[in-house]
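Comments concern the structure below.
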Amino acid sequence: MSALATAPAIVPLAAAALVTVVRSRPALQQAVAVVGILVLLACALALLAQVLTGETLVVAFGGWPAPMAIEFVVDRTAAALVVITALMGAAAIVFLASDADVGNGHPLLLPLLFGVLAGAGGAFVTGDLFNLYVWFEVMLICALGLLAIGGRVDQLDASFKYLALNLLGTLLLLFAVAAVYGVTGHLNFAALAAAAPAVAPGLWLAVLTLLTLAFLVKAGAFPVYAWLPASYHTLPAPVLALVAGLLTKVGIYAVLRTLGDVFSPAPGVLHELLGWVAAATMLFGVLGAAYHWDMRRILAFHIISQVGYILLGIALASAAGYAATLFYTLHHIIVKANLFLIAAIIWRLTGSYDLRRIGGLYVARPWMTLLLLIPALSLVGIPPLSGFWAKLLLLEEAIGQGRVVWTVVALVVSVLTLYSMMKIWMEAFWKRHPDPDWQPPVNTRLGPAWAATVGLAGVTVWISLYPQALLVYAQAAAATLGGR
Amino acid sequence: MTSRIVILAVVARPLYLVILLASVWVLLRGHDEPGGGFIGGLMAVSATILWAVAHGTAAARARLPLGDALWPAVIGLLLAALSGVPGLLGGGAYLTHLWWTLALGPAELKLSTVLLFDIGVYLAVWGALAGYALALLAVDERDQPGGAP
């Protein structure tokens with residue numbers, strides 16, 4: 001049943017249309033959204049079941065012959081990312097039913113959310129370079145809508161920064177795609193892989209550098225990450241969690257898919273360069289985080305820092321490195337989204353995102369400490385949480401290849417990450433609330449918020465305690481990369 | 001209306017129609033020549049923007065199919081998505097397109113699910129981008145006297 005491979009893009013697109021039709025009735029819209037995301041999740045799991053048998057699903061739209069058709073190709077890497085996309089969509093939609101910083105219930109929020117999911121899903125499964133560009137564009141347009149729909153001045157300011165800096169990346173990407181087409185005459189991944197060795201090495205390096213740079217803008221890597229912390233903090237929390245967790249990872253996936261798979265083996269100097277970019281991204285991201293007091297800005301800078309780790313896996317240019325990248329990506333999307341959601345709950349209980357103005361949660365909600373510490377310490381990489389396994393895989397390979405500087409940077413950044421997470425814990429939980437009369441609000445509707453965050457923490461705990469399953473999967477996925 | 005340009009307001013009426021007709025022509029010629037739903041849709045958006053500059057965003061919105069930007073976008077998206085289904089039911093891949101030829105005396109009319117897809121894209125592009133453009137133009141209108149509220 002190869003038509004299933006179209007589901008990651010078609011199901012969210014159809015859901016986006018349907019939730020737009022019923023937008024005047026919020027309860028019905030919410031119900032349709034839940035059904036839509038459940039269908040997507042079911043399709044994603046069905047895809048996962050298919051690829052677990054070792055099969056790669058290929059569907060050529062319109063039944064056109066091989067190099068002409070736009071193909072969707074679902075291998076293990078793509079299937080895992082589609083599942084995580086659906087899972088994040090589900091968490092965000094559940095969280096929207098709470099009252100923790102969910103915005104003002106704009107009727108276009110859910111359609112645009114599904115648009116982002118469609119863009120991510122399409123980008124993960126497409127087997128065509130130009131089509132990949134189109135899905136990036138879908139994501140950009142929908143994310144821009146999400147940033148702007150509140151219409152507040154700070155939101156428009158954020159959307160403008162997002163638009164200006166991302167359009168630059170998009171334009172670069174379009175140039176790069178055109179250049180690739182110009183030197184090879186193909187856009188289809190399989191045809192590109194076959195045509196690449198015939199291109200003159202110097203020209204090929206220039207084209208691939210341009211392409212990688214364009215993807216790095218989308219991934220939020222050093223030195224082109226300025227758009228990310230400038231725009232993210234104005235979004236409603238569940239949307240922020242989804243966008244922050246997912247969108248930069250699509251850029252990373254595109255780097256992995258091109259350098260690690262389609263154009264493998266890519267020129268060694270490009271991987272070398274990527275390694276230094278990764279190290280700089282880690283360091284600058286975490287330093288930016290140390291400076292800030294707004295939880296959302298701290299977490300946004302940590303996205304950048306963690307993007308560095310994930311890129312490092314690609315820079316190592318080996319099956320073990322790619323497996324670490326996939327493992328790290330899956331672990332990180334869950335953890336990062338969960339931290340943003342928990343920050344929203346903290347906002348609801350204490351009244352602010354600014355760590356200087358809140359406190360006292362340890363007395364008021366002692367067990368919430370545990371909920372924060374699972375993703376926070378996992379982000380740092382404290383054993384036995386999922387982040388520890390991710391970093392272990394990555395650094396094992398880095399040390400194995402004798403990359404001492406990159407390894408040291410990664411370890412130092414871990415310590416600084418611990419500092420940031422402890423800052424959130426000390427300020428929001430441990431110290432007294434600066435307002436002596438502060439009491440946690442009583443009339444809250446946090447049930448859905450707890451369900452979403454505890455659910456995501458549960459997935460993290462599962463990966464932590466039983467990393468073998470995901471590890472074997474990631475290694476099998478990495479083994480098929482580059483085998484075209 | 002005071003702050004608007006009279007010449008533009010007068011010219012807008014015939015131009016709007018011409019641009020829309022041209023966009024439909026581009027949509028239809030897309031089968032065999034450069035063109036198609038996306039380009040046609042973009043041309044239609046330019047007609048809507050022209051009307052918004054000449055007569056205000058509210059008037060331009062009212063001129064969109066079904067009087068709103070979202071309806072054409074949604075209907076177009078659904079139409080494009082559904083146009084792939086007949087081919088799927090016929091045993092082909094999704095978006096495998098079917099063609100029929102209607103003989104009309106001397107001429108013949110080619111009908112296809114591709115046309116449905118292209119019309120869907122046309123409506124989706126027109127609705128979605130006109131929605132964005134009108135929202136952005138409306139931000140400006142709030143600040144100037146004589147503009148729509």
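Computation of the quantities below employed the complete heavy-atom set of this structure, encompassing side-chain atoms and omitting hydrogens, waters and symmetry-equivalent molecules. Every chain is numbered from 1, with letters handed out A, B, ... down the list of sequences.
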Heavy-atom pair with the smallest gap, counting every atom of L112(A) and Y132(B): CD2-OH, 4.1 Å
Heavy-atom closest pair, residues L77(B) and L13(A): CD2-O, 3.5 Å
Heavy-atom pair with the smallest gap, counting every atom of A17(A) and V74(B): O-CG1, 3.5 Å
Exceeds 12 heavy-atom contacts within 6.0 angstrom, atom CZ of R25(A): no
Proximal component of L108(A), with respect to chain B [non-hydrogen, under 4.5 Å]: side chain
Choice from A148(A), A14(A), G145(A) maximising heavy atom contacts with chain B below 4.5 Å: G145(A)
